[in-house]
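Following: one structure in structure tokens, then a few remarks.
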Amino acid sequence: MAAPVQQSPQPVGGKRKGKAQFLPAKRARRCDAGGPRQLEPGLQGILITCNMNERKCVEEAYSLLNEYGDDMYGPEKFIDKDQQHSGSEGEDDDVEAALKKEVGDIKASTEKKLRRFQSMESGANNVVFIRTLGIEPEKLVHHILQDMYKTKKKKTRVILRMLPISGTCKAFLEDMKKYAETFLEPWFKAPNKGTFQIVYKSRNNSHMNREEVIKELAGIVGSLNSENKVDLTNPEYTVVVEIIKAVCCLSVVKDYVLFRKYNLQEIVKSAKDSQPQPKLGNGKEAKLEPDGKLNQSEPSDGNNQQVAPESSEEPGQRKARSETQAGSEGEDKSELESQDSEGPESKENELS
């Protein structure tokens, strides 16, 4: 007679353990390459928004950043730990020298694994954060936008906006105030001065108040130099505040209006492409003929309905708008507007 098959004992309560017990080890393996893999305070990098394809966005970002990074800083060099510490073998005469060498070896081993650009989890959908090492992100991104603005050559398909992040801190008002007092000094502390605006956007965060953040940051800029003035039309500097979950990303950029809010899709368009079509008094769309005359086009349905001019929104995210309805998350309005309004998880507002 065959022996009965023994079944494995069931846990108490009759429930099997889930996969949660394996997640810590899986996350640990992801971090084996060295350095954090998630957006956190104390980092520098580039915040990139995309159009529903984050994997392709990362590929385009690596290609674009490596191209211009090599142009500005030369080819990427990797640290050779053996060559770096080959001449320090004779310094192990005492415990202190041996300890310093060991610390140097550990640091060199970690730096060897870190690349110049490293993709990280941002904590928000359609947003990619590229951590930079040994790179000034604001200068690199400005160089990229300046070249694309001049050549009008489109180099990306899914990347929308590319914002340099010069520093990150905890997304709490007191932490932001303390961090901004030192962070903003290179641009606004006397004798430095300039006109400025503050652009605020929040994702997956509900405890921060937009008005309080803008008021505090504007007060800090004013305290650094009383000659710093607000200019919403064409400021010299734009203070970018990007909040994702519990992390605040800060940067100060130039030519924010000229470079179409750092939108790579809009910056390659010519002035003719981005200019809205004029409207006639009866609400019908008017088009310019080659001889400069206006040609009135009839609506397809025959109704006398007003046709709104096409705004400079990001491709792939255009939706119909009414006068009281704002777009969903990820959309950018015309550059002439001084305030962006997005969905409940993403809001952008400028200092007013």
Side-chain angles (χ1 to χ4, degrees), residues 36 38-47 49 120-124 127 129-132 135-139 141-142 161 163-232 235-257 261-262 329 338-342 344-352:
Q38 190 170 2
L39 180 60
E40 61 183 25
L43 297 177
Q44 284 188 336
I46 301 170
L47 196 69
T49 62
M120 305 175 64
E121 297 180 6
S122 66
V127 179
F129 186 83
I130 304 293
R131 188 220 64 218
T132 59
I135 297 291
E136 296 177 282
E138 65 278 358
K139 292 185 178 181
V141 174
H142 190 275
R161 301 177 69 201
L163 293 171
I165 302 300
S166 302
T168 59
C169 64
K170 294 182 180 179
F172 298 95
L173 190 60
E174 292 301 322
D175 296 271
M176 293 172 60
K177 288 168 57 178
K178 183 178 180 180
Y179 184 78
E181 289 174 355
T182 304
F183 175 81
L184 297 173
E185 287 183 355
W187 297 276
F188 301 109
K189 186 176 181 179
N192 298 328
K193 62 179 181 179
T195 58
F196 72 98
Q197 67 174 348
I198 297 177
V199 177
Y200 176 93
K201 178 177 288 187
S202 175
R203 296 181 176 89
N204 300 338
N205 181 291
S206 59
H207 68 269
M208 296 301 301
N209 184 277
R210 177 188 65 86
E211 287 77 11
E212 290 183 0
V213 173
I214 292 178
K215 180 180 178 180
E216 293 294 340
L217 293 180
I220 293 173
V221 174
S223 65
L224 293 175
N225 191 339
S226 59
E227 296 185 16
N228 294 321
K229 303 298 180 182
V230 176
D231 184 358
L232 302 180
E236 297 179 51
Y237 302 105
T238 297
V239 181
V240 177
V241 183
E242 292 275 345
I243 295 179
I244 303 178
K245 289 188 175 181
V247 179
C248 173
C249 304
L250 289 174
S251 63
V252 179
V253 300
K254 295 181 178 180
D255 300 319
Y256 187 74
V257 177
K261 296 184 179 180
Y262 280 40
E329 178 182 359
S338 62
Q339 176 175 340
D340 285 355
S341 176
E342 300 189 357
E345 295 182 356
S346 177
K347 298 179 180 179
E348 178 177 358
N349 298 275
E350 297 179 0
L351 177 62
S352 56

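The nearest pair of heavy atoms linking Gly45 to Pro137 is O-CB, 3.4 Å. Here the closest non-hydrogen pair linking Glu138 and Ser166 is OE1-OG, 2.9 Å. Taking all atoms of both residues into account, the shortest heavy-atom contact from Val230 to Leu232 is CG1-CD2, 4.1 Å. Taking all atoms of both residues into account, the shortest heavy-atom contact from Asn204 to Ala124 is ND2-CA, 3.6 Å. Minimum interatomic distance between Ser122 and Val127 (heavy atoms only, all atoms of both residues): OG-O, 2.7 Å. Nearest approach of Glu227 to Lys193, heavy atoms of both residues: OE1-NZ, 2.7 Å.
Under the side-chain hydrogen bond (donor to acceptor under 3.5 Å, both in side chains) criterion, Asp255 pairs with His142, not counting sequence neighbours.
In this structure a side-chain-to-backbone donor-acceptor pair under 3.5 Å is present from Asn225 to Asn192. Looking only at distances, a side-chain donor or acceptor of Arg161 sits under 3.5 Å from a matching main-chain atom of Lys261. Looking at Asp175, its side chain never comes within 3.5 Å of a backbone N or O of Lys170 through a donor-acceptor pair. With Thr238 contributing its side chain and Gln197 its backbone, the two residues share no donor-acceptor pair below 3.5 Å.
By the 4.5 Å heavy-atom criterion applied to side chains, Asn205 and Ile244 are not counted as neighbours. Looking at Lys201 and Leu47, their side chains never come closer than 4.5 Å, going by heavy atoms from C-beta outward. Put simply, the side chain of Leu163 does not reach to within 4.5 Å of the side chain of Val253, judged on heavy atoms. In this structure, Thr168 and Glu40 have side chains that are not in contact, with every pair of non-hydrogen atoms separated by 4.5 Å or more. Looking at heavy atoms from C-beta onward, Cys249 lies out of side-chain contact with Val240 at the 4.5 angstrom threshold. Residues Ile165 and Phe129 have side chains in contact (heavy-atom distance under 4.5 Å, counting atoms from C-beta outward).
We find the OH-OG1 distance between Tyr262 and Thr49 to be 14.0 Å, quoted to the nearest 0.5 Å. Atom SG of Cys248 and atom OH of Tyr179 lie 9.0 Å apart (nearest 0.5 Å). Here the NE2-OG distance, from His207 to Ser202, works out to 8.0 Å after rounding to the nearest 0.5 Å. Taking CD of Gln44 as the reference point, atom CD of Glu136 lies at 8.5 Å (rounded to 0.5 Å). How far CD1 of Ile243 is from OG of Ser206: 11.0 Å, rounded to the nearest 0.5 Å. Atoms CD1 and NZ, from Ile220 and Lys178 in turn, are 12.5 Å apart once rounded to the nearest 0.5 Å.
By the 30° and 60° cut-offs, the orientation of the rings of Phe183 relative to Trp187 is tilted.
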